[in-house]
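Read through the structure below, which is laid out as structure tokens, and then see the notes.
Values reported hereafter were calculated over all heavy atoms of this structure, with side chains retained and with hydrogens, waters and symmetry mates removed.
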Amino acid sequence: MTNYIPTIGIEVHVELKTNTKIFSPSTNGYGQMANSLINPIDLGYPGTLPTVNKEVVNLAIKAAKILNCNIRHEMHFDRKNYFYPDNPKNFQITQSRTPIGYDGYVEIEVGGQKKKIEIEEMHIEEDTCKSTHRGNKTLLDFNRAGVPLIEIVTKPCISSSTEAKLYLEKLKELLFYCDVSDCKMEEGSMRCDANISIMPKGSKEFGTRAEIKNVNSFSALQRAIEYEIDRQIEIVEEGGKVVQETRLWDDGLKETR
């Protein structure tokens, strides 16, 4: 690894601590009977009109301020179109071009030295419903559909798994302290994705990245990053090329695939 520099960017989805969902009056709750906290807006019925929850915007501004972000005073929502059973409208309402917060940072301490982990942007969006796969069937629970999220995206400025873990621990501490979210990873209130690439020392061009999705603990993310760095180095050392792809972390087998 001494001949290569890892480059890591992290995306974190955080569920906001509101009483109701982002665009509907349904209760924002966890652990209730499947499909009991829903209405026609959550199910994407034709003709329904979403109305933004003011408290979602208030909490997003609070989060952006505590993460040292600039606040965008004029914003709008966009449609991110994709076709998958967890999204009955066939689009997700998000902020693509006008994220509510941008150019922020979280300060961590690594080996006695302070480092700012730069935040590219922080935007508001709605969650999708929960899919549970059983054999050749998939069950859908729409209680989570429309739950308000903020997505916090760093710049590719993290250079080790240790820095990544310290950043996530600090981020969780800040968001929990300001009462934006309960940050319970075991309940999906905080979910992490990591984009990882390597480049030879002295190079100014980033390598091809792989994205590790939905890791459910900070220590697991640290292990996933370390494995992925070693995997990419091995590919390059053997004369191959890293393929841009989405991978998952299997904590039992201690590998990405």
Side-chain angles (χ1 to χ4, degrees), residues 10-39 41-44 50-67 69 75 77-78 80 82 84 86-89 91-96 99-101 104 106 119-132 140-154 167-194 212-218 220-221:
I10 293 180
E11 301 169 5
V12 179
H13 287 88
V14 179
E15 291 185 357
L16 297 179
K17 203 173 175 181
T18 56
N19 292 325
T20 55
K21 296 182 180 180
I22 182 170
F23 295 117
S24 87
S26 295
T27 299
N28 177 9
Y30 178 82
Q32 304 300 310
M33 185 176 68
N35 295 311
S36 62
L37 307 178
I38 58 173
N39 70 18
I41 297 174
D42 308 324
L43 296 173
T51 303
V52 69
N53 181 343
K54 183 178 179 180
E55 186 60 16
V56 171
V57 179
N58 289 337
L59 289 180
I61 291 171
K62 183 191 283 191
K65 294 294 285 183
I66 204 166
L67 300 179
C69 290
M75 65 174 190
F77 289 94
D78 304 279
K80 178 181 177 182
Y82 72 92
Y84 198 71
D86 69 3
N87 189 9
K89 300 190 297 291
F91 63 84
Q92 179 190 31
I93 303 177
T94 183
Q95 292 179 327
S96 175
I100 191 168
V106 169
I119 294 172
E120 179 83 32
E121 65 166 72
M122 190 205 83
H123 60 264
I124 304 169
E125 62 186 21
E126 62 178 343
D127 211 341
T128 57
C129 79
K130 183 178 181 179
S131 304
T132 303
L140 300 176
D141 180 4
F142 285 87
N143 286 351
R144 200 178 72 180
V147 167
L149 299 173
I150 50 173
E151 182 175 357
I152 303 161
V153 183
T154 73
Y167 161 69
L168 290 170
E169 288 173 345
K170 187 66 174 180
L171 184 67
K172 180 179 179 179
E173 177 186 318
L174 291 168
L175 295 176
F176 183 78
Y177 176 77
C178 73
D179 207 29
V180 164
S181 172
D182 61 24
C183 297
K184 294 179 180 178
M185 295 192 75
E186 68 276 11
E187 295 183 2
S189 297
M190 189 173 185
R191 309 192 290 272
C192 310
D193 305 334
I212 313 300
K213 296 284 285 185
N214 288 333
V215 185
N216 61 5
S217 77
F218 297 158
L221 184 74

task = Could you tell me whether the side chains of S189 and D182 share a donor-acceptor contact shorter than 3.5 Å?
result =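 Note: S189 and D182 side chains meet the donor-acceptor criterion.
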
task = Please determine, by modelled atom types, if T132 and D141 share a side-chain donor-acceptor pair under 3.5 angstrom.
result = no

inquiry  = Let's go through S131 and D86 carefully: what are the C-alpha distance in whole Å and the side-chain angles of both, what is the deciding distance for side-chain hydrogen bond (donor to acceptor under 3.5 Å, both in side chains) to 0.1 Å, and is it a yes or a no?
reply    = CA-CA 6 Å; S131 304; D86 69 3; 4.6 Å; no

ask   = So which of Y84, F142, Y82 actually passes side-chain contact (heavy atoms from CB on, under 4.5 Å) with T128?
value =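 Among the candidates, only Y82 passes.
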
key: The single option from L175, L16, V14 passing side-chain contact (heavy atoms from CB on, under 4.5 Å) against L59   = L16

Smallest separation among heavy atoms of [X] and [Y], with atom names:
X: P99; Y: S96; answer: CD-O, 4.1 Å
X: L67; Y: M122; answer: CD1-SD, 4.5 Å
X: T20; Y: P25; answer: CG2-O, 3.5 Å
X: K21; Y: A145; answer: NZ-O, 2.9 Å
X: A64; Y: G101; answer: CB-CA, 4.3 Å

ask   = Taking everything shown except K130 itself, do over 12 heavy atoms lie less than 6.0 Å from its NZ?
value =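 At most 12 heavy atoms, drawn from other residues, nucleotides or ligands, come within 6.0 Å of this atom.
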
Quick one: are [X] and [Y] in side-chain contact, heavy atoms under 4.5 Å?
X: C192; Y: M185; result: yes
X: F23; Y: T51; result: no
X: Q32; Y: T27; result: no

query = Should the pair R191-E15 be classified as a salt bridge under the 4.0 Å nitrogen-to-oxygen rule?
reply =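 Looking at E15 together with R191, the answer is yes, because their closest N to O distance falls below 4.0 Å.
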
query = Got a salt bridge between K172 and E169, using NZ or NE/NH1/NH2 to carboxylate O under 4.0 Å?
reply = no

With distance as the sole test, does [X] use its side chain to make a donor-acceptor pair with the main-chain N or O of [Y] at under 3.5 Å?
X: D78; Y: Q95; value: no
X: N143; Y: G29; value: no
X: E126; Y: I93; value: yes
X: D193; Y: E11; value: no

When rounded to the nearest 0.5 angstrom, what is the spacing between [atom1] in [X] and [atom2] in [Y]?
X: S26; Y: I41; atom1: OG; atom2: CD1; answer: 7.5 Å
X: M190; Y: H13; atom1: CE; atom2: NE2; answer: 12.0 Å
X: I10; Y: I119; atom1: CD1; atom2: CD1; answer: 11.0 Å
X: F176; Y: L171; atom1: CZ; atom2: CG; answer: 13.5 Å
X: K62; Y: I66; atom1: NZ; atom2: CD1; answer: 8.5 Å
X: R144; Y: D42; atom1: CZ; atom2: CG; answer: 13.0 Å

inquiry  = Does the structure place the NZ or CZ of K170 under 6.0 Å from the centre of the six-membered ring of Y167, at an angle of no more than 45° from the ring's axis?
reply    =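 No cation-pi geometry.
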
